[in-house]
Amino acid sequence: MDILSLFVVVPVITILILVFTKGLKQARHVSMVGSLVQLGMAINLVFSYFKERAVNDAIMVFTKDIVWFKQFNIHYNIGVDGVSVSLILLTAIVVLAGVFISWKMSDLPKEFFVSLIVLATGVYGFFISIDLFTMFVFYEIAVIPMYLLIGIWGSGPKEYSAMKLTLMLMGASAILLVGILGIYFNSNADGGALTFNILEIAKVNIPFEAQKLFFPLTFIGFAVIGALFPFHTWSPDGHASAPTAVSMLHAGVLMKLGGYGVFRVAMYLLPEGTLHWSWFFIILSVIGVIYGAFAAVKQTDLKYINAYSSVSHLGLVLFALLMLNKTAWNGAILQSLSHGFMTALFFALIGMIYGRTHTRDVTKLGGLLKVIPFISVVYVIAGLASLGLPGLSGFVAEMNIFVGAFQHDDMFYRIVTIISVSAIVVTAVYILRVVGIMLMGPVKNDTYLDLQKASWYEKAGILLLLIPIVGMGVAPLWLSDMILASLEPFIQRVL
Amino acid sequence: MNFSNFLLMRHEIILLAITMFLLIGEIFIHEKKKSSLIHLAIFLFGIHTAVGFLELEESSLFGGMFRSNNMIHLFKNVLNVGVLILLLQSADWLEKKIFNQNRGSEFFILLFASLLGMYFMISAGDFLMFYIGLELSTLPVAALAAYETVKRISSEAGIKLIMSAALASGVSLFGISMLYATSGSIYFDAIAEAITASNLTILGMLLFFAGLGFKISLVPFHFWTADVYEGAPISIASYLSVISKGAAVFILMILLFTVLKPLMHVWENVVYVLAIATMFIGNLFALRQQNMKRFLAFSSIAQAGFILLGLITGTQLGVATIVHFVMIYVFSNLAAFGVVQAISLQTGKEHMDDYTGLYRTNPNLSLVMMLALFSLAGIPPVAGFFGKFFLFTAAASKGYYLLVFLAVVNVTISLYYYLLVVRAMFLRKSDNAIPYFKNKLYMRLGLIITVVGILVIGLYSPLYDYIYELSGVF
């Protein structure tokens, strides 16, 4: 079995074993072991990748190609570069943290963990696919379990949120499908055979008219899951209603599919379309960045604050990608990773706070630092990472984005960069406000005095996410190197 | 004509023999033991289905009136598998409702007669054989729709079906006569050679198309569908929705792609408009349905709209994608109808609200239903996704991107109402959910086959390759 297929096979085996488990204990142990193995595989992949890169300069390494539907030239074609390796590592960490955070899942535990791991399978498959069809299949596999995860185990208007999320994402994937078919039927523009293989298509000069038509379809198709304004509305509702681990996976991992897809498919395969349309989507993404930050300021529900903050932070990812600059691209990938760890951590902490205080309303909380210090301190660290404090992951990512973006000579790019930088200030406002109200000051409610301290599995989940945040902030170079080296083919094609 | 030639009609002969055998059995078997006929019928039909997979020669009989090739052979096998699943799912109902009323083996005789009609329709080499097949396939179903005579709604369904079928058949016949008038022949090959795009020919083609459109429930010929599905016994509703529709799609494809190919510039416009209308109307009406049978009726109208995306291409790719899709549709829809059947049989409940909290009491049935609905909605990795993707690819291969776009909009609409059922079963809890019950062996077997089909057919690419190879005959 090749090193990448394992990322599909191991989760599937975990699911099969889970099906035969009984009760919470068995289900969570199987899930934990399965996710631990996945994390081990991801770490091994990083090391193997560096080793392989030293001797192999192909665009994608560890490739495997099996013909699937030969009439359509559909292949099970997989491979990774630095970008996908880093996102796979992110996924493995967040999934394991999610399992720890769901340690006490009481209602239908087996079904919960099965859905969670189906989602993870889809995400892994998506990141390792080189074939557009296979990629699309995995994309949908990742999205659909969300409906059940939010609908069954969520809270508040969960049915509404689950339906809204599913329909918007599947609607977007339907648009994406037309885009993919458009790319496929133009992949023989240079006289070759029709193909879904991204690397093959990237060698073809697709006619400009087709690029103009299919770029927006492909871009929007992916960007909806990346919370592009005005298609982001599914995200805050979905986050707010989802159970903790699902919010973590949702914001931490699933939404990354958007930026990755935009980069790997829309921009890479349709470079002229990208140039033609970038101004339009830059405006949308900047609106998302600013709007998300201001909307977060207005919220009092912790989950909504974090959800709108995600809209803002992920808006930056799309913004950076559209800036068509190597440094900004590097920043976009780093921001994806940083946001993945950070937001998953936020949601985990919010879940813990909610589990203890039974409220997510900031105004009803106060003085938590005194009663649950561990959780509170980590919340502060996550907050500082979110507002871009040096030494933490957010700074590295945002620095790259804005430095890269500002390198443009064109006034339009400089103006939008300045506008989006202002979001950092707004982010500081809502983060510090929450920290001030919720954690500082006197304990607002006497019942909070005997809140339970963080348990071992909660700490395990937290540490899993905290270590990469600090690690990325302190030593970003190895990650940057890995990503930058993989950006070369994109630079050659798009720039 | 020697005996081996005669074996070209193997499907028809064996099915006829089984039908006769059951008729004789009905006469000689003692009243009290008549339910054993169910086992016998299913067993015999199972053998018939298995024998169907043996190779068959490609040739024709009666001067070209009856044709057989590997593709036609495959069509018949698909129908056989569908009917076998349907019989397994209906066994319990047959025992309780029919044999209880001393209704003997009429059910099998009528059903098999209808299937026989479909065989002849598919194998037809001229319009006479086709028309006889069409009538033979329709009339017994009308009797079957009215089978539960104690229910007024069932009798009504029977009448509605026979009236609309008669009208459709008349219109179709009118169209056929015009095609004959302009080409001077009723043989498909001769018509294909002689056909020209005169006004009369086009009118004839359109009338003929309308007749088949009725069987496939294309908008605007769909009006009978929901009422008949709701009134008819579930087995018959699923027969109409899967087997009857499948056969009609096959024959429509054969005729459009071979006989009426010279008029493609006309019919592709018709198909284009009908595809859009059928998908939207089927889906939008399905949104509001609460009765599961009506719900599945409108869903099956919408699915017919998707099939037209393959039909519009007129290419080998189109043929392969349609056959592949119909095959998947047979399994998916029979799974959904099977669950409705199982629940209705145990509890008499057919309302969507009755399914609330079903997963917590009957997890297996709920999972089968969910798989079926996901397949119908086109969610990977179940088969329906592959079926739909390939249909869309076929339409896009001809540059119909707008049509594909409208189709994907419809996929999203359809997902909404399929999720309504999933929501009722999985997301909601109920104090008076349908209590746990165990299905009889036949039903379980029937559902298991559909599940295996849903999970395997899409992913298993050699099957598609096989279909594609056979599609070259058009």
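Worth knowing before you read on, the calculation uses all heavy atoms, side chains too, and leaves out hydrogens, waters and symmetry mates. To find a chain, count down the sequence lines: A is the first, B the second, and so on, and within it residues start at 1.
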Between [X] and chain B, which part of the residue has a heavy atom less than 4.5 Å away: side chain, backbone, both or neither?
X: A:Leu213; value: neither
X: A:Ile74; value: side chain
X: A:Leu181; value: both
X: A:Phe133; value: side chain
X: A:Leu167; value: both
X: A:Met163; value: side chain

>> A:Phe219: which residues meet the ring pair (Phe, Tyr, Trp, His ring centres under 6.0 Å) condition with it, sequence neighbours left out?
In response: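 Expected list: A:Phe215, A:Phe281.
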>> For the interface with chain B, which of A:Ile180, A:Leu148, A:Ile150 has the highest count of heavy-atom pairs at distances below 4.5 Å?
In response: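 Sorted descending by pairs with chain B, the first entry is A:Leu148.
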>> Can you tell me how far apart CG (A:Leu257) and CZ (A:Phe126) are? Round to the nearest 0.5 Å.
In response: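 Those atoms lie 4.0 Å apart.
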> Aromatic ring centroids of A:Phe7 and A:Phe127 under 6.0 Å?
Replying inline: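 Between A:Phe7 and A:Phe127, the centre distance exceeds or equals 6.0 Å.
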>> Taking the ring centre of each residue, are A:Phe136 and A:Phe196 less than 6.0 Å apart?
In response: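 Aromatic pair excluded; centres sit 6.0 Å or further apart.
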> Is the B:Phe385 ring parallel, tilted or perpendicular to the B:Phe389 ring (thresholds 30°, 60°)?
Replying inline: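 Ring orientation, 0 to 90° scale: tilted.
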Across chain A and chain B, going purely by atom type as modelled, what donor-acceptor pairs are there at a distance under 3.5 Å?
residue	atom	partner	partner atom	Å
B:Tyr359	OH	A:Glu111	OE2	2.4
B:Arg360	NH1	A:Asp107	OD1	3.0
B:Arg360	NH2	A:Asp107	OD2	3.2
B:Leu419	O	A:Tyr147	OH	3.4
B:Arg428	NE	A:Glu159	OE1	3.2
B:Arg428	NE	A:Glu159	OE2	2.8
B:Arg428	NH2	A:Glu159	OE1	2.7
B:Leu459	O	A:Trp68	NE1	3.0
B:Ser461	OG	A:Trp68	O	2.6

> What part of B:Phe426 gets closer than 4.5 Å to chain A, counting heavy atoms only: side chain, backbone, both or neither?
Replying inline: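 Both parts, backbone and side chain.
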> Of the backbone (N, CA, C, O) and the side chain (C-beta and beyond), which part of B:Ile413 lies under 4.5 Å from a heavy atom of chain A, both, or neither?
Replying inline: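 For B:Ile413, there is no contact with chain A at all, as no heavy atom is under 4.5 Å.
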